[in-house]
Novice: 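Here it is, the structure in full.
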Amino acid sequence: MNMKPGQTITHFLIEEQRQIKGATGEFSELVSDVVTACKVISNLVNKGELIGVLGSAGSENVQGETQKKLDILTNEVFIEANEWSGNLAAMASEEMDDIYMIPKQYPRGKYLLTFDPLDGSSNTDVNVSVGTIFSILRCDGEEGTCDKEGAFLQPGTKQVAAGYALYGPSTMLVLTTGHGVNGFTLDMNIGEFILTHPNMQIPEDTREFAVNMSNMRHWEKPVQRYVEECLAGKTGSRGEDFNMRWIASMVAEVHRILTRGGIFMYPIDQKMKDNGTEGKLRLLYEANPMSMIVEQAGGASSTGYERIMDLKPKSLHQRVPVILGSKNEVERLVSYHAE
Ligand code: AHM
Ligand code: MG
């Protein structure tokens with residue numbers, strides 16, 4: 001493919017489209033609208049309290065979590081940027097109980113879009129990096145079946161594309177359409193995402209782990225064993241010192257792993273089991289898109305027991321345990337689960 005660092009994301013998408021025989025341009029249009037939404041969100045997040053968008057909205061989402069003003073605003077940004085184009089059959093988001101139907105006045109398309117408009121949003125109040133995660137599926141079902149929840153319940157292996165935007169010191173967009181992973185940086189002066197990180201690859205080995213250690217006592221044995229071995233460092237069975245990071249912002253965490261390797265864990269624990277939940281992170285708009293990106297960059301992603309992208313989703317807001325990152329470390333932890 002004709003891919004050059006410095007090219008705009010629009011240029012990149014059109015070059016990609018040219019590789020696909022019979023491509024109609026609908027997919028490139030859809031990704032462009034998602035990119036527009038991310039630029040608007042970047043601007044909102046960047047202005048912060050100057051425009052009074054920080055703090056709680058005083059409402060709860062379907063999972064009983066307190067919504068931030070920015071959760072609601074960014075969800076609206078995504079809907080407005082994507083509902084009109086005629087490329088989508090329906091949308092689903094962390095912030096909406098049910099799927100979002102395309103309003104009657106607009107044409108319908110064959111794609112489905114799921115997103116978490118502002119992941120890690122509790123970090124906005126303390127001015128720490130947050131992100132947007134999205135996943136694109138195709139609906140090959142018969143007419144009238146695509147704007148139903150069932151159309152979204154496809155395994156991650158069926159994703160056509162996945163990506164995230166990271167609102168950090170600079171705003172980045174990382175995208176896969178199933179042919180590797182490419183990273184773009186937003187040039188605020190011209191309002192364009194520019195290809196700065198072509199063909200991102202996760203190193204196979206790492207000495208850095210990311211997990212919320214405050215849950216350690218609740219974890220299952222294999223995760224406790226893995227982390228204990230990391231903590232034992234040079235004197236322990238691994239014979240090496242490990243470093244730890246926890247930003248509590250999955251997008252920032254995955255981006256670090258794509259840049260320099262590492263393993264990220266949000267495993268199942270006893271507290272979740274007691275509350276009847278199967279994990280913290282959501283399958284359709286957090287775990288699956290991140291798994292596709294990580295696998296496309298040479299990493300691995302698992303619940304500890306199964307490859308995440310092979311799971312058959314049971315519901316829109318299903319939660320799953322997530323272990324992803326550098327291949328050899330993820331495989332080691334999966335092997336501990338198998339023992
Ligand atoms: P959110 O979608 O409500 O923002 O929750 C997801 C976030 C992830 O970005 C992050 O990895 C995790 O929650 C942090 O959880 P914790 O606060 O338990 O450390
Ligand atoms: Mg989230």
Side-chain angles (χ1 to χ4, degrees), residues 1-46 73-93 100 102-103 105-118 131-139 146 159-167 170-200 251 285 289 292-293 296:
M1 192 184 126
N2 194 2
M3 183 170 77
K4 283 192 229 80
Q7 75 186 183
T8 65
I9 195 162
T10 312
H11 184 170
F12 173 89
L13 288 169
I14 290 170
E15 293 283 359
E16 264 212 333
Q17 188 188 313
R18 286 181 184 150
Q19 306 296 310
I20 303 162
K21 231 178 131 220
T24 59
E26 285 164 74
F27 174 74
S28 311
E29 277 174 30
L30 167 54
V31 177
S32 289
D33 291 339
V34 169
V35 168
T36 301
C38 293
K39 287 194 226 174
V40 176
I41 295 174
S42 174
N43 189 45
L44 284 173
V45 168
N46 184 260
L73 280 171
T74 56
N75 193 62
E76 282 165 8
V77 167
F78 243 79
I79 289 175
E80 273 174 31
N82 288 289
E83 65 181 356
W84 60 274
S85 68
N87 298 316
L88 286 176
M91 294 183 240
S93 139
Y100 182 83
I102 302 300
Q105 68 265 37
Y106 301 122
R108 314 279 161 101
K110 58 175 180 284
Y111 292 104
L112 300 167
L113 176 64
T114 71
F115 52 92
D116 180 353
L118 201 62
T132 296
I133 312 171
F134 61 89
S135 159
I136 298 173
L137 293 160
R138 207 193 318 266
C139 179
C146 290
Q159 292 172 105
V160 182
Y164 64 75
L166 171 62
Y167 315 110
S170 53
T171 291
M172 284 197 67
L173 193 122
V174 171
L175 178 71
T176 179
T177 56
H179 316 280
V181 179
N182 291 288
F184 303 82
T185 305
L186 182 61
D187 184 333
M188 302 274 190
N189 291 323
I190 59 170
E192 283 272 23
F193 278 104
I194 305 294
L195 181 62
T196 46
H197 296 61
N199 194 21
M200 297 175 87
V251 177
Y285 40 82
M292 182 176 181
I293 294 166
Q296 282 290 319

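Numbers for residues simply follow the sequence, beginning at 1.
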Novice: Specify the closest pair of heavy atoms between Phe134 and Pro289, including all atoms of both residues, with the distance to one decimal.
Specialist: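 So the two residues come closest at O-CB, 3.4 Å.
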Novice: Is the closest side-chain heavy-atom distance between Leu112 and Thr114 below 4.5 Å?
Specialist: no
Novice: Within this structure, what is the OH-CG distance for the pair Tyr167 and Leu44, rounded to the nearest 0.5 Å?
Specialist: 9.0 Å
Novice: If you apply the rule side chain to side chain contact (heavy atoms under 4.5 Å, CB included), what do you find for Phe115 with Asn82, and how did you get there?
Specialist: CA-CA 12 Å; Phe115 52 92; Asn82 288 289; 6.0 Å; no
Novice: Taking all heavy atoms of Gln17 and all of Ser28, pick out the closest pair and write down the distance.
Specialist: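 Heavy-atom minimum between the residues: OE1-OG, 2.6 Å.
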Novice: Where the side chain of Arg108 meets the backbone of Ile102, is there a donor-acceptor pair that is under 3.5 Å apart?
Specialist: yes
Novice: Identify all side-chain donor-acceptor contacts of residues 33-43 below 3.5 Å with residues at least two apart in sequence or on another chain.
Specialist:
residue: Thr36; atom: OG1; partner: Ser32; partner atom: O; Å: 3.0
residue: Lys39; atom: NZ; partner: Gly191; partner atom: O; Å: 2.7
residue: Ser42; atom: OG; partner: Thr171; partner atom: OG1; Å: 2.8
residue: Asn43; atom: OD1; partner: Lys47; partner atom: NZ; Å: 3.2

Novice: Consider only side-chain N and O atoms of Glu192 and Thr8, and report whether a donor and an acceptor are under 3.5 Å apart.
Specialist: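 No.
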Novice: Hey, does the side chain of Asp116 reach the backbone of Thr132 with a donor-acceptor pair shorter than 3.5 angstrom?
Specialist: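 Side chain of Asp116 to backbone of Thr132, a donor-acceptor pair under 3.5 Å: no, none is there.
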Novice: Of all the heavy-atom pairs spanning Lys4 and Leu195, show the shortest one and how long it is.
Specialist: O-CD2, 3.5 Å
Novice: Grab the two heavy atoms, one from Gly180 and one from Gln296, that are nearest each other, plus how far apart they are.
Specialist: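 Distance-wise, the nearest heavy atoms are N-OE1, 2.8 Å.
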Novice: Going through the distances and angles, do Leu30 and Leu88 end up as a side chain to side chain contact (heavy atoms under 4.5 Å, CB included)?
Specialist: CA-CA 8 Å; Leu30 167 54; Leu88 286 176; 3.8 Å; yes
Novice: Applying side chain to side chain donor-acceptor pair (under 3.5 Å), can you list everything that pairs with His11, at least two apart in sequence or on another chain?
Specialist: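 Glu15.
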Novice: Does the plane of the ring in Phe12 sit parallel, tilted or perpendicular to the ring in Phe184? Use 30° and 60° as the thresholds.
Specialist: perpendicular
Novice: Indicate the atoms forming the closest heavy-atom contact of Met91 with Ile79, along with that distance.
Specialist: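 For Met91 and Ile79, the tightest heavy-atom pair comes out as CE-O, 3.9 Å.
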Novice: State, to 0.1 Å, how close Ser135 and Gln159 come at their nearest heavy-atom pair, and which atoms those are.
Specialist: OG-OE1, 2.9 Å
Novice: What distance separates Ile14 CD1 from Gln19 CD, expressed to the nearest 0.5 Å?
Specialist: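 Ile14 atom CD1 to Gln19 atom CD measures 13.0 Å (nearest 0.5 Å).
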Novice: Please lay out, stage by stage, how Val174 and Tyr164 fare under the test side chain to side chain contact (heavy atoms under 4.5 Å, CB included).
Specialist: CA-CA 5 Å; Val174 171; Tyr164 64 75; 3.5 Å; yes
Novice: So do Glu16 and His179 actually touch side chain to side chain, heavy atoms under 4.5 Å?
Specialist: yes
Novice: Tell me every residue that passes side-chain contact (heavy atoms from CB on, under 4.5 Å) with Thr196, counting only those two or more places apart in sequence or in another chain.
Specialist: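 Here the qualifying residues are Met172, Thr185.
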Novice: As an exercise, state the distance from CG of Asn182 to OG1 of Thr176, rounded to the nearest 0.5 Å.
Specialist: 8.0 Å
